[in-house]
Amino acid sequence: MLDLVIRGAEVIDGSGSPGLITDVGIEGGQITVIGDAGPARQEIDGTGLVLTPGLIDTHAHDDGAFLRHPDMTFKLSQGVTTVVSGNCGFSAIPFDPESDPRKASGGILSGLKGGFTDLSGYFDAVLASAPAINNMMLVGHNTIRSMVMDDPKQAPSQQDLMAMGSHVERALEQGACGFSTGLIYHPGKYSQTEEIIALAQLAGSAGALYTTHMRNEGDHLLEAVDEALRIGRESDVHLHISHHKSAGKPNWGKVKASLARVDVALSQGQRVTLDVYPYTAGSGRMIEYFDLQRVNEDFASVIRIASCPAYREYEGQMLKDIARVQAVDITDLVRDILTAPRGADTICIQFIIDEQDVEHNLRWRDMMVGSDGIPNLRGKPHPRLYGTFAKILGHYVRERGLMSLTEAIRRMTSLPAATFGMNQRGMVRAGFQADLLLFDPATVQDTATYDEPQRLAAGIRTVMVNGKIAWQDGQHQMAGSGHMLKYRSGSYAG
Ligand code: ZN
Ligand code: CU
């Protein structure tokens, strides 16, 4: 007898094919029947609802959250069943228990606390906390560069390069899906292109990915795209460009030229993919964006404080408003925040993107979706953490009609599963893992805002992870059924 059957939902299978009203039966954590299903121990009525594969977040910073918040409510509640972590050059692994975890993780991977040194050890630690959703990992350049080099502002010696390379290789052997960079961040920004090529080659020869937060997303976006494409070519590696955007008003519109370059590369046979987050603001560690000697006033004026251990009262406020009320110069305010005790841990939100560019990105035929959410739940985090996927389904699909529902589901399920090497996931198909989402297409909507960023998505009925009901009608079921995924080889088994 089947463990569970969902009857009468419109099944959108993730392949891009149109939906079909039918039953889906589950047994032993897998989808076993699509079509007329016999009796089951548990039945769910899907009438009037849509059943899809669980959604995949291609750009997450959840490495530490899996240990600190294994319920992963911010992702699960919007229908996400799998994330790719270790992005922007920051990863939980390799980990040196002797060193300050904030240093290597760039301060955005909350919750890192020893007990492991490599990817297998990290997977064991996460599984011990019974995570709600699945996780695939990248190994991050900034993390290994901070760990290996005494002075990360220098060029690496041959020995440093070898040491970095062996960390990359070890992570790939243990199941990482690729190597990530964050070339605007410390210490990745000190690296030359040749260093990245040497390391990305290791991912290339393993058949894995090179993902990048490019060196520039504003004034020099196009040069940065050229650099990324060159790295992809010369390393013979699949290039994935993270959170594609043009930042800063003078650069708005440049995403068109940037995507045109990608189109040319694709037409020449290069493997390139991209993702985007559906918001006009970015978010990150504030100290990374400022030179304290020459604080950029224009940039400061579009910043809002998300989380600030030194001044909790600033959370949720624009810097320009704080400066006005206190009658201080905004550049002095920036210096004061960043030099205060734990000032370096301040997370900010910067309004730097044009909505037209967001839509242009989403219209591009194979654009995937990554939340880039920073799971620091203190203060007022960027609403993308809780809202990204419901916003795609509610706002961009239903209200704006940028793409059909079947197409949006394909881009958030089978396409990322194939790209990031998630075996037997991303489609409603017999033999696939039962990661499933049942929702109401007429009411699905993000409700998280900049003021109320932790509000849960509306319209999500049931989320299943590896065959277990993980989320039901706004209630976490504490199934703890998430798996740790190894690139192109299924789940990590310990
Ligand atoms: Zn990034
Ligand atoms: Cu990121």
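Remember, predicted model here, so these are calculated numbers, not experimental data. All ligand and atom numbering here is 1-based and tracks the order in the structure.
Side chains of D354 and V255 form no contact here, defined as non-hydrogen atoms less than 4.5 Å apart.
In this structure, W252 contributes its side chain and E355 its backbone to no donor-acceptor pair below 3.5 Å. With hydrogens and angles disregarded, no donor-acceptor distance shorter than 3.5 Å links the side chain of E195 to the backbone of A155.
Backbone or side-chain N, O or S atoms of H243 do not reach the Cu ion (ligand 2) at under 2.8 Å. When distances to the Zn ion (ligand 1) are checked against a cut-off of 2.8 Å, C88 contributes an N, O or S atom below that limit.
The N, O or S atom of D372 with the smallest distance to the Cu ion (ligand 2) is OD1. Within H213, ND1 is the N, O or S atom that lies nearest to the Zn ion (ligand 1).
Side-chain contact, S491 with R425: a donor N or O sits under 3.5 Å from an acceptor N or O.
Here the Cu ion (ligand 2) is the vertex; the NE2 atom in H61 and the NE2 atom in H59 give an angle of 100° (to 10°).
The side chain to side chain contact (heavy atoms under 4.5 Å, CB included) with L485 is formed by just one residue from the set N135, V83, T82, V84; it is T82.
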